[in-house]
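Ligands are counted one by one from 1 in listed order, and the atoms in each one are counted from 1 as well. If you read the sequence from its start, that first residue is 1, and numbering goes on from there. Bear in mind that the values here come from a model prediction, so they are computed numbers and not experimental data.
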Amino acid sequence: MKDAADAILRPEQAAYLASLPRKTDPLLEKMEAYAASHRHPISDPEVADLLFVTARAAGAKRVVEVGTNIGYGAIVLARAVGPDGHVLTIEYKAETCEVARGFIAEAGLSDRIDVRHGDAIEVLGALDGEVDLAYVDCVKEDYPRYLDLLLPRLSARGVLLADNVLWKGLVAADAVPDAERERVTALRAFNAAIVSRPELRGVVLPIGDGVGYAVRA
Ligand SMILES: C[S@@+](CC[C@H](N)C(=O)[O-])C[C@H]1O[C@@H](n2cnc3c(N)ncnc32)[C@H](O)[C@@H]1O
């Protein structure tokens, strides 16, 4: 978390933010330890807090998460939407879906979260109904495509968040390694879209690895 923030913030600011006390949450802490030991790329804790605050502030009830991993973001979002809310979360690795379902059962949220095994673009293309909160946290090269698929579904007061939009600071770098060029190009296009498309009003927040945050204009 702090290493990613160091690429964006002044080091003393990153150190201060990392030193702030956190609420105790045994299940999320267990998932963070599991993710670290199994090398799973879960959301940063402060991004999870932003998801919770946003979902609550927006009164979101219908949530779509693109990229489940072990269910960390989905659990946070499902807690925020309350018992009459619902989270659809998409993951293309079958074994990772099973790990997520296990943690979701442990959280007592199996009735509120649908872990959909499949490719994100295919599942998003088949979505129907409105979405109050969309959380994009999947294939970086596909962020512009996810935006195009999600925008028509976003409710009037809907919010779209996207993680890793500063990609370790590389989106702001002059020299981008070849291996990262496609990712960085897509993330730059995504960031430009959320701040400049006429139908959106958005910002890029220097939280975690960078979070795109947008609503309908
Ligand atoms: C960064 S992780 C998601 C973290 C999660 N949102 C959280 O809050 O902890 C991205 C996940 O997307 C999954 N993924 C990668 N390509 C995918 C695709 N084409 N369709 C669906 N899921 C995919 C990966 O297996 C990985 O588990």
Below 30° counts as parallel, above 60° as perpendicular, anything between as tilted: where do the rings of Tyr146 and Tyr143 land? tilted
To which of Gly67, Gly73, Ala100 does the heavy atom nearest atom 6 (N) of ligand 1 belong? Gly67
I want to know whether Tyr72 and Phe103 have ring centres closer than 6.0 Å. no
Please report which non-hydrogen protein atom sits nearest to atom 2 (S) of ligand 1, along with the residue it belongs to and the distance in Å to one decimal place. Pro41 O, 3.3 Å
Between Met31, Lys93, Glu91, which one has a non-hydrogen atom sitting closest to atom 11 (C) of ligand 1? Glu91
Look at the side-chain heavy atoms of Ile, Leu, Val, Met, Phe, Trp and Tyr, link any pair under 4.5 Å apart, and say whether Tyr213 and Val53 land in one connected group. no
Quick one: do the Thr68 and Glu91 side chains pair a donor with an acceptor below 3.5 Å? no
Apply side-chain hydrogen bond (donor to acceptor under 3.5 Å, both in side chains) to Asp111 and list each qualifying residue two or more places apart in sequence or on a separate chain. none
Nearest-neighbour protein heavy atom for atom 16 (N) of ligand 1, which is reported as residue plus atom name and distance: Val139 CG2, 3.2 Å
In terms of residue, atom name and distance, what is the protein heavy atom nearest to atom 4 (C) of ligand 1? Asp137 OD2, 3.1 Å
Cys138 neighbourhood, listing ligand 1 atoms whose heavy-atom distance to it stays under 4.0 Å: 12 (O), 14 (N), 15 (C), 16 (N), 17 (C), 18 (C), 21 (C), 22 (N), 23 (C)
Check this for me, if you would: do Asp132 and Lys61 make a salt bridge, where the nitrogen-to-carboxylate-oxygen distance has to be below 4.0 angstrom? no
With heavy-atom distances below 4.5 Å as the criterion, would you say the side chains of Lys23 and Asp49 are in contact? no
Any idea which atoms of ligand 1 are less than 4.0 Å away from a heavy-atom of Tyr72? 9 (O)
So the atoms of ligand 1 within less than 4.0 Å of a heavy atom of Thr68 turn out to be 5 (C)
Could you state the interatomic distance from CG (Leu20) to CD (Glu46), rounded to the nearest 0.5 Å? 10.0 Å
Heavy-atom distances under 4.0 Å decide this one: backbone, side chain, both or neither, for His40 against ligand 1? neither
Nearest protein heavy-atom contact for atom 19 (N) of ligand 1: which residue, which atom, what distance? Asp119 OD1, 2.8 Å
Proximal atoms of ligand 1 relative to Glu65 (non-hydrogen, under 4.0 Å): 5 (C), 6 (N), 7 (C), 8 (O)
Cluster link Val204 to Val66, ILVMFWY, side chain under 4.5 Å: yes
For atom 15 (C) of ligand 1, which candidate among Tyr135, Tyr146, Tyr92 provides the closest heavy atom? Tyr92
For atom 8 (O) of ligand 1, the closest protein heavy atom turns out to be Ser43 OG, 2.6 Å
Is Gly118 in contact with ligand 1, taking contact as a heavy-atom separation below 4.0 Å? yes
Report, in ascending order of atom number, the atoms of ligand 1 lying under 4.0 Å from any heavy atom of Ile42. 9 (O)
Taking salt bridge (charged side-chain N to carboxylate O under 4.0 Å, His left out) as the test, write out the residues that go with Asp128, two or more places apart. none
Checking a contact table here: which protein heavy atom is nearest atom 20 (N) of ligand 1, and how many Å away? Ala120 N, 2.9 Å
Sub-4.0 Å atoms of ligand 1 with respect to non-hydrogen atoms of Asn69: 2 (S), 3 (C), 4 (C), 26 (C), 27 (O)
Donor-acceptor pair between Ser43 and Tyr135 side chains, under 3.5 angstrom: yes
